[in-house]
Amino acid sequence: MGDLERIRTVVKWLIGQGVADNQEGIGNLLGYANKSSFSQLMNGKKPIPTRFMTRLAALHDKLNYAWIATGEG
C-alpha cells in the first residue's frame, strides 16, 4: 500500500469515526480552507508534505504517524 492509499484509508476511517462528515471536513480540520488544494493532495496531483501526515495523525489518538508515513508500525 502506497502513501496515498494509506492517507485515503485514514481519511475514510476518520469519516467513519465521526471526526468529520466528509473529505472536505477533514480538509478543513487540517487547515485547508480551499477544498481544491486538499482534493489535489488526495488525488495525487500534489506531493504530500510531511506536516500533512503529522496533522492527519493528530486528528485521532488511535492513528499511528509511523504507519501513515511508512506503512510500518
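Keep in mind that what you see is a predicted model, and the values were worked out from it rather than measured.
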Quick one, I68 and F52 - any side-chain contact, counting heavy atoms below 4.5 Å?
no
Who passes side-chain contact (heavy atoms from CB on, under 4.5 Å) against P47, sequence neighbours left out?
none
Residues in side-chain contact (heavy atoms from CB on, under 4.5 Å) contact with N64, at least two apart in sequence or another chain
A66, W67
Does the side chain of R55 reach to within under 4.5 Å of the side chain of Y32, using non-hydrogen atoms?
yes
In terms of heavy-atom contacts, M42 and R8 come closest through O-NH2, 2.8 Å
When rounded to the nearest 0.5 angstrom, what distance separates NE2 in H60 from CG in L29?
12.0 Å
Going by the rule side-chain contact (heavy atoms from CB on, under 4.5 Å), which residues pair with S39 if we only count those two or more places apart in sequence or in a different chain?
N43
How many angstroms lie between CD1 in I7 and CD1 in I48, if you round to the nearest 0.5 Å?
4.0 Å
For residues L63 and A57, report the shortest heavy-atom separation together with the two atoms involved.
CB-O, 3.7 Å
Show every donor-acceptor pair shorter than 3.5 Å between a side-chain atom in residues 9-23 and any protein atom, with sequence neighbours excluded, or say none if there are none.
residue: T9; atom: OG1; partner: E5; partner atom: O; Å: 2.8
residue: N22; atom: OD1; partner: E24; partner atom: N; Å: 3.2
residue: N22; atom: OD1; partner: G25; partner atom: N; Å: 2.8

